[in-house]
Amino acid sequence: MKTLLSTLIACAALHAAAAECIVPSKPGGAMDLTCKLAREGLKGEADAPALRLSYLPGGIGAVAWHSMAAQRGSEKDTLVAFSGGSLLNLAQGKFGKASANDVRWVAALGADYGMIAVRSDSAFRNLADLLDALRRRPEKVLIGVSGTIGSQDWMKMALLARGAGIDPKVLRFVALEGGGEAFTAMHANHVQVVSGDASEATLYAGAGKVRVLAVLSEQRLPGVLSLAPTAREQGVDVVWPIIRGVWMGPKVADAEYQRWVGSFDRMTSNPDFSRLRAAHGLYPFTLTGQALTDYIHKAVADYNRQARQFKLIR
């Protein structure tokens, strides 16, 4: 009886000590991968509690942002995944009056890159095929994106179109909630193209389900997508890097915030982390604490300037 009671107490204590990583989208996308990478990487950190995942989709991150910033801002063991798309939304005012100062930026775990994909049985064999189709009959090509007009997935395709002399206004986009939903829609042929992220594509490309027409990186990516050409190779000079990481509420005590920063500093400096990051489809890019915060503010300003070019600022 004492053994059973002791076990129950230990389990209750473990559950109480568990931390949370909120995925601000539906399962299956790159935000999901970010929290899973944090969970796996922190397993080796003695002072970091076990990390459980939860999902809070809605408004392409807005629901999670406002829930944490306004209602749960002091939770010391709750992290939220973010990406370059989150910063773009901030820059465009899609989170209302929110700003980069409203939360505490903890750690950037890696970099991702934009990519354009179709089904493996698609008639589009390369980026030129797709752009030719968009030039001739744009109404026939539905493009699945995470978010609405002005989202980073929209921006990637708009920049490619503009670079090929196509007015982005003629493109037909289907707004979806996260990369997982976009790929599901493409497999069901509800959309013919996905504008998304390389990390998402690695989940499907290895199984032969998709063809990546272009990656939006400076050079070809290693691993599963090593055969996918860059947009630059195909004559369209568009590069779209995507930072991935986690933040926490604005009212978290400084000591607790620094504890998490320290945990991620140790995690990302561990030689095993490079292998783990690659397994999650991400590429080297690490910042924490104040250095990350400074980077975020500069990135938001840069996204703001870029969005103004497309007249997207609210």
Side-chain angles (χ1 to χ4, degrees), residues 17-24 30-31 33-54 61 64-91 95 98-112 199 241-278 280 282-304:
E20 180 181 12
C21 188
I22 295 176
V23 179
M31 293 288 201
L33 284 172
T34 302
C35 276
K36 288 177 178 175
L37 173 58
R39 180 179 64 186
E40 292 300 309
L42 289 169
K43 282 182 179 178
E45 293 303 314
D47 65 339
L51 201 61
R52 62 183 176 86
L53 272 60
S54 62
W65 180 278
H66 291 298
S67 174
M68 283 302 302
Q71 301 168 26
R72 302 171 59 184
S74 61
E75 293 184 9
K76 65 183 179 66
D77 285 326
T78 302
L79 305 169
V80 184
F82 77 91
S83 74
S86 311
L87 307 183
L88 181 61
N89 285 339
L90 276 176
F95 290 173
S99 80
N101 293 314
D102 293 346
V103 302
R104 307 201 75 171
W105 303 97
V106 181
L109 307 182
D112 200 351
S199 61
I242 306 160
I243 183 177
R244 298 210 173 278
V246 292
W247 55 265
M248 60 197 317
K251 297 180 181 179
V252 174
D254 193 59
E256 297 295 339
Y257 169 71
Q258 293 299 338
R259 176 173 63 85
W260 277 107
V261 169
S263 291
F264 280 106
D265 277 336
R266 290 186 293 275
M267 181 191 88
T268 54
S269 63
N270 188 320
D272 290 338
F273 180 70
S274 296
R275 174 191 54 78
L276 190 61
R277 179 179 56 210
H280 285 73
L282 295 181
Y283 304 91
F285 185 91
T286 302
L287 286 174
T288 60
Q290 188 58 51
L292 173 62
T293 302
D294 293 343
Y295 174 93
I296 295 293
H297 282 87
K298 182 179 183 303
V300 170
D302 290 343
Y303 279 132
N304 181 276

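Positions are given from 1, in the same order as the sequence printed here.
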Cationic N near anionic O, under 4.0 Å, Arg259 to Asp77: yes
Salt bridge (Lys or Arg N to Asp or Glu O under 4.0 Å) filter on Asp272, not counting sequence neighbours, yields none
CZ (Phe285) and CZ (Arg244) are apart, to the nearest 0.5 Å, by 12.5 Å
So Glu45 and Leu42, do their side chains get closer than 4.5 Å, heavy atoms only? yes
I need the Leu51 CG to Cys35 SG distance, nearest 0.5 Å. 6.5 Å
Backbone N/O of Ser86 and side chain of Asn89: donor-acceptor pair under 3.5 Å: no
Considering all heavy atoms, the nearest Met248-Thr78 contact: CB-O, 3.4 Å
Is any side-chain heavy atom of Ser74 less than 4.5 Å from a side-chain heavy atom of Val252? no
Please give me the minimum heavy-atom distance between Leu282 and Ser199, naming the atom from each residue. CD2-CB, 4.2 Å
Which pair of heavy atoms, one from Ile242 and one from Ser83, lies closest together, and at what distance? CG2-CB, 4.0 Å
For this output row, return yes or no: ring centroids of Phe264 and Phe273 closer than 6.0 angstrom. no
Does some side-chain heavy atom of Cys21 sit less than 4.5 Å from a side-chain heavy atom of Arg39? no
Would you say the side chain of Pro250 lies within less than 4.5 Å of the side chain of Met68, judging by non-hydrogen atoms? no
Looking only at the side chains, is there a donor atom on one of Glu20 and Ser54 sitting less than 3.5 Å from an acceptor on the other? yes
For the residue pair Trp65 and Trp105, categorise the inter-ring angle as parallel (less than 30°), tilted (30 to 60°) or perpendicular (more than 60°). tilted
Side chain to side chain, Leu79 and Trp247, heavy atoms closer than 4.5 Å: no
What pairs with Ser67 under side chain to side chain donor-acceptor pair (under 3.5 Å), at least two apart in sequence or on another chain? none
Taking the basic N atoms (NZ, or NE/NH1/NH2) and the acidic carboxylate oxygens, is any pair closer than 4.0 Å for Arg104 and Glu256? no
Can you name the closest pair of heavy atoms from Ala38 and Leu109 and give their distance? CB-CD1, 4.0 Å
Tightest non-hydrogen contact, residues His280 and Leu276, listed as ND1-O, 2.9 Å
Going by the side-chain hydrogen bond (donor to acceptor under 3.5 Å, both in side chains) test, which pairs reach into residues 282-292, not counting sequence neighbours? Asp265-Thr288, Gln290-Asp294
Checking Asp112, Leu287, Leu87 against Ile243 for side chain to side chain contact (heavy atoms under 4.5 Å, CB included), the one that qualifies is Leu87
